[in-house]
Amino acid sequence: QVQLVESGGGLVQAGGSLRLSCVASGRTFSPYAMGWFRQAPGKEREFVAAISRSGYSTYYADSVKGRFTISRDNAKNTVYLQMNSLKPEDTAIYYCAADPIMNRVRFGVGVDYWGQGTQVTVSS
């Protein structure tokens with residue numbers, strides 16, 4: 001079992017920045033591809049970003065490309081999401097995901113582990 005705990009959410013004005021963290025525990029972190037998803041009220045959960053086990057490959061949703069950066073520190077069992085130039089439409093609960101298979105993380109299908117989520121609210 002892998003436990004994922006997100007933190008770093010909060011209330012920020014449009015144009016501001018936040019950095020989300022997701023700490024993994026329970027098993028070795030490095031074999032897992034990691035990702036971030038979000039779900040806004042009344043909407044389906046959507047993919048935000050993903051990073052390969054080594055950190056060499058990253059993927060982003062078009063809506064966040066150029067504004068968000070995903071990274072990981074395998075020594076700290078942590079994946080980060082740096083969010084800049086935030087917009088009100090970025091408001092959502094953000095979830096961390098982990099799976100040994102990258103495509104499961106990229107498409108949010110069959111993912112082994114999910115965190116409990118952290119709220120991000122961007123005011124206009």
Solution key, residues 45-56 side-chain donor-acceptor pairs under 3.5 Å, sequence neighbours excluded:
| unit_1 | atom_1 | unit_2 | atom_2 | d |
| --- | --- | --- | --- | --- |
| Glu46 | OE2 | Arg38 | NE | 2.6 |
| Glu46 | OE2 | Arg38 | NH2 | 3.1 |
| Ser52 | OG | Gly55 | N | 3.4 |
| Ser52 | OG | Tyr56 | N | 3.3 |
| Ser52 | OG | Ser57 | N | 3.0 |
| Ser52 | OG | Ser57 | O | 3.4 |
| Ser54 | OG | Tyr56 | N | 3.1 |

Show the atom names and distances, to 0.1 Å, of all donor-acceptor pairs under 3.5 Å that link a side chain in residues 10-25 to residues at least two apart or in another chain.
| unit_1 | atom_1 | unit_2 | atom_2 | d |
| --- | --- | --- | --- | --- |
| Ser17 | OG | Asn84 | OD1 | 2.9 |

Next on the checklist: Could you go through Gln119 and Thr91, starting from their C-alpha distance and side-chain angles, then the distance that decides it, and tell me whether this counts as side chain to side chain contact (heavy atoms under 4.5 Å, CB included)?
Outcome noted: CA-CA 8 Å; Gln119 176 71 48; Thr91 295; 4.1 Å; yes

Next on the checklist: side chain to side chain contact (heavy atoms under 4.5 Å, CB included) for Arg72 and Thr78? Distances and angles first, verdict last.
Outcome noted: CA-CA 6 Å; Arg72 66 189 294 162; Thr78 302; over 6 Å; no

Item to check | Stepwise side chain to side chain contact (heavy atoms under 4.5 Å, CB included) check, Phe68 with Trp36 | outcome: CA-CA 11 Å; Phe68 290 10; Trp36 288 95; over 6 Å; no

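Electrostatic pairing of Asp62 and Lys65 counts as a salt bridge here, judged by a charged N lying under 4.0 Å from a carboxylate O.
Judged as a disulfide bond (SG atoms under 2.5 Å apart), not a single pair has a partner in residues 27-70 (not counting sequence neighbours).
The closest side-chain heavy-atom distance from Tyr113 to Asp99 is not below 4.5 Å. Inter-residue side-chain proximity for Val2 and Asp112 is flagged as unmet; no heavy-atom pair is nearer than 4.5 Å. Inter-residue side-chain proximity for Tyr94 and Glu6 is flagged as unmet; no heavy-atom pair is nearer than 4.5 Å. When side chains are defined from C-beta on, Ser71 does not count as touching Gln82, because their heavy atoms never get closer than 4.5 Å.
The hydrophobic cluster containing Tyr80, built from Ile/Leu/Val/Met/Phe/Trp/Tyr side-chain heavy atoms closer than 4.5 Å, comprises no other residue.
Ser7 meets the side-chain hydrogen bond (donor to acceptor under 3.5 Å, both in side chains) test with no other residue; sequence neighbours excluded. The side-chain hydrogen bond (donor to acceptor under 3.5 Å, both in side chains) test applied to Lys43 returns no partner, not counting sequence neighbours.
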